[in-house]
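First the structure, in the form of structure tokens, and then the observations on it.
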Amino acid sequence: MSLLTSFNAGVSGLQASQAGINTSAHNLANTKTTGYSRQENILRDTYYNNIRVTSRGIQQIGYGTTVATVRQIRDIFLDKEYRYEVSRQSFYDRQVITAEEIEDILGEMEGVEFQYSMDDIWESLQMLSMDPQSITNRELFISNAESFLKSAIDVYQTLLNYQINLNTEIQSQVDKINSIGEQIYDLNYRIRMAEASGLENANDYRDARNQLMDELAELTYYTYNEDQRGNVLIFIGNAPLVTDVSSYHMGVERIKFEEYNPTTGQYEVTRVSEMYEVVWKDNGYRDVYDMEEAYSTARKTDTGSLLGILTARGNAYANYTDIPVKPEKEDYTNAAGVFDETAYDLAMNKYEDDLKVFNNTTGVSILTRIEAQFDRLIHGIVTMINDAFCPNIEQTLNGVSGVDAKGNTVTLNGKYKILDVVNCPIGTDDPATLGTEVFSRKSVDRYQVITWQSATRAQVYGTDENGNQIPLAQEIENPDGTFTYKLYVYNEEDPDDLNTCYSLMCLEINPKLAEDYALLPVKLNPLLGEQDGYAMQVIEKLLSQWTMEDFAILDPNNETSYSINNYYRFMVTELGAQGDTWKSILANQEKLVEGVEDKRQQVMGVSSEEELVSLLKFQHAYNAASRYITVIDSMLEHLIMRLG
């Protein structure tokens with residue numbers, strides 16, 4: 001090795017030390033920059049020149065050192081762990097927020113505000129039972145019933161409005177995901193161009209891209225990998241968000257509900273919801289998320305705030321028909337005690353299918369579950385009160401004919417629910433009106449009244465639960481000695497047509513009853529042998545039913561039945577318990593995220609003290625290289641001067 005060659009080692013030392021100083025200074029300048037990763041110089045030997053090859057080895061002359069690369073100090077496994085955990089944190093944060101919003105809608109944690117309206121109608125029933133003859137008591141009962149229904153509708157409508165209002169947040173998050181995807185695609189291009197020569201790493205661009213990927217993880221869970229050219233490829237499910245050739249986009253559409261049309265053999269849109277669903281716009285895929293299956297930690301579907309919002313919101317407005325009801329064996333046993341096992345098994349199979357759907361849709365969303373449970377409460381109270389004042393009996397009718405309110409001829413064949421004209425109470429008005437319900441469906445009357453005329457008595461008879469013969473139609477003797485008969489056939493609720501159901505958004509106080517309180521059926525039916533008595537037993541039975549524990553089952557997965565007050569109380573308590581569970585999960589996730597982030601910062605974070613030490617180290621190295629060059633220069637000068 002010559003003295004002239006030795007200069008190479010010194011110069012390369014100066015250059016390497018200067019590069020180290022620059023890198024440490026860059027780290028120090030970005031100490032508080034969010035998402036910045038500490039950088040480090042990787043050195044390597046420049047090259048060697050072989051001067052002699054012997055049997056014992058090779059004699060080489062080294063030409064110094066050079067900076068091979070300036071690398072980011074990151075741990076890709078910690079990055080992936082952080083993004084998964086922060087994604088779960090965002091999901092459960094949305095569940096907690098939604099649960100708290102519902103608690104506010106219900107009044108407060110104990111649901112006191114709505115509970116007041118339930119207490120009022122109960123108290124007015126008690127007063128009515130003490131003196132049903134009092135016009136004041138009847139007016140109070142109907143007034144409290146109207147107030148109860150209005151409060152219930154207000155609560156339910158507010159829940160529905162909250163679902164709709166989430167559209168704004170869904171749109172905002174979709175726009176943000178699209179924006180992040182576009183920025184990552186742009187950074188992919190910049191990194192690819194900067195690193196194409198292979199001479200440097202685009203570390204600052206990579207930091208910006210990593211920061212965007214951290215933000216994206218809060219919005220939605222995704223998988224990713226980096227190709228050989230430096231592009232990060234991002235997938236949500238199986239669908240691409242960012243590839244090396246494009247950034248793809250999500251969009252929102254109003255949810256469409258379809259039904260199969262056997263005539264055309266195709267699915268047709270039956271209605272369009274006001275709620276948004278998230279779909280892919282331009283990558284060939286349709287739905288971004290599968291909303292027909294319950295979220296699962298194992299499948300990593302309890303992740304991301306966007307999916308958290310969609311899960312908490314649900315895909316549709318819910319009502320009591322969405323909660324499956326387990327069939328009772330008694331309903332499949334006839335009067336002779338014969339059990340129809342085949343029909344019962346079919347009903348059980350349908351119930352199990354419906355329960356599975358519930359657990360994957362309505363039951364998963366805290367909003368739709370509360371909507372369905374609340375609507376079931378109101379449905380139960382409303383039908384219980386209506387059935388008390390207008391009791392029905394089930395009878396088999398064969399060939400009974402008459403005309404309906406529109407003058408159409410109707411022939412009845414089969415099993416029907418009809419008004420029990422013998423045991424039903426009647427109004428205090430002069431015509432002694434019967435069959436007046438308290439709560440009405442807006443589009444459907446309680447009964448289809450089938451009427452026929454006869455010059456002689458033409459009563460239709462059936463049997464009561466004891467096997468005794470009873471008249472089924474109301475008999476009216478006309479002034480001319482003829483008879484008019486009215487058969488009150490109950491218009492059944494059809495779960496496939498909500499307008500036929502006693503569901504909150506279809507209910508109103510019976511307009512006829514609101515105009516004339518005398519129509520409230522509180523008097524004894526004359527067919528029972530009393531002309532002026534009051535149906536005390538009807539109201540007492542209603543009060544007894546109010547406190548019975550078999551009012552309704554809150555959760556189809558749990559067969560515990562509750563009374564009316566306990567149903568509502570446990571509904572609110574269950575909401576609070578679910579919220580507490582999510583808060584516990586959220587608190588745990590926050591600790592996990594904090595722990596992983598601490599580990600990440602230990603690897604990628606900049607310590608000002610360490611960087612200052614590095615600056616001193618590289619400064620000393622620079623000085624050493626300078627002195628080395630000075631010594632070589634002195635030696636060359638000495639040799640030249642002496643030899644000269």
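Atom OH of Y189 sits in a sparse spot, with 12 or fewer heavy atoms from other residues, nucleotides or ligands closer than 6.0 Å. The 12-atom threshold is exceeded at NZ of K256, counting heavy atoms of other residues, nucleotides or ligands nearer than 6.0 Å. Under a cut-off of 6.0 angstrom, the local environment of NZ in K415 is sparse, with at most 12 non-hydrogen atoms contributed by other residues, nucleotides or ligands. Around CD of E341, the count of heavy atoms belonging to other residues, nucleotides or ligands within 6.0 Å does not exceed 12.
Ring-plane geometry between H379 and Y320 is classed as parallel, the angle between the planes falling under 30 degrees on a 0 to 90 degree scale with a further cut at 60. Taking the six-membered ring for Trp and thresholds of 30 and 60 degrees, Y502 and Y490 have nearly parallel ring planes, at less than 30 degrees apart. Relative orientation of the F374 and Y156 rings is parallel, given thresholds of 30° and 60° on the angle between their planes.
Atom OG of residue S440 and atom CG of residue N386 lie 7.0 Å apart, to the nearest 0.5 angstrom. Residue D93 holds its CG atom at 13.5 Å from CZ of R88, rounded to the nearest 0.5 Å. Once rounded to the nearest 0.5 Å, the distance linking CG of N201 with CZ of R206 reads 6.0 Å. The line from CG of D555 to CD1 of I323 is 8.5 Å long, rounded to the nearest 0.5 Å. If you take CG on D227 and CG on N188, they are separated by 7.5 Å, rounding to the nearest 0.5 Å. The CG atom of L216 lies 6.0 Å from the CD1 atom of I236; values are rounded to the nearest 0.5 Å.
None of D204, N210, N203 except one satisfies the side chain to side chain contact (heavy atoms under 4.5 Å, CB included) rule with Y36; the exception is D204.
Pairing each heavy atom of D75 with each of V603, the nearest pair is N-CG1, 4.1 Å. Shown here for I121 and A145, the closest heavy-atom pair between the two residues is CD1-CA, 3.8 Å. Shown here for F235 and P240, the closest heavy-atom pair between the two residues is CD2-CA, 3.6 Å. Taking both residues in full, the closest heavy atoms of M275 and Y317 are given as CE-N, 3.7 Å, listed atom of the first, atom of the second, then distance. Scanning all heavy atoms of the two residues, the minimum distance from T220 to S87 falls at C-OG, 3.8 Å. Residues G308 and Q95 share a closest heavy-atom pair of O-NE2, 2.9 Å.
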>> One pair to check against salt bridge (charged side-chain N to carboxylate O under 4.0 Å, His left out): K176 and E218. What are the steps and the verdict?
In response: CA-CA 11 Å; K176 191 171 183 180; E218 295 180 18; over 6 Å; no
>> Assess the residue pair R446 and D387 against the criterion (salt bridge (charged side-chain N to carboxylate O under 4.0 Å, His left out)); give the C-alpha distance rounded to whole Å, side-chain angles, the decisive distance to 0.1 Å, and a yes or no.
In response: CA-CA 11 Å; R446 182 172 179 82; D387 290 345; 2.8 Å; yes
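With contacts defined as side-chain heavy-atom distances shorter than 4.5 Å, the pair I170/V278 qualifies. Residues M505 and K442 have side chains not in contact (no heavy-atom distance under 4.5 Å, counting atoms from C-beta outward). In this structure, Y568 and L106 have side chains that are in contact, with non-hydrogen atoms separated by less than 4.5 Å. T223 is not listed as a side-chain neighbour of K80, based on a closest heavy-atom distance of 4.5 Å or more. In this structure the side chain of D186 never reaches within 4.5 angstrom of the side chain of Q183, judged on heavy atoms. Residues T361 and N315 fail the side-chain proximity criterion, which asks for heavy atoms closer than 4.5 Å.
Looking at E169 and R313, no side-chain N of the basic residue comes within less than 4.0 Å of a carboxylate O on the acidic one, giving no salt bridge. Salt bridge annotation for E597-R600: present, with a cationic side-chain nitrogen under 4.0 angstrom from a carboxylate oxygen. Comment: K583 engages E100 in a salt bridge, judged by a side-chain N to carboxylate O separation of less than 4.0 angstrom.
Residues passing the side-chain hydrogen bond (donor to acceptor under 3.5 Å, both in side chains) test with Y92 are D302, sequence neighbours excluded. Among residues two or more places apart in sequence or in another chain, the side-chain hydrogen bond (donor to acceptor under 3.5 Å, both in side chains) test is passed with T560 by N558. Under the side-chain hydrogen bond (donor to acceptor under 3.5 Å, both in side chains) criterion, Y224 pairs with R83, not counting sequence neighbours.
Aromatic rings of F91 and Y295 (six-membered ring for Trp) have centroids within the 6.0 Å cut-off, being under it.
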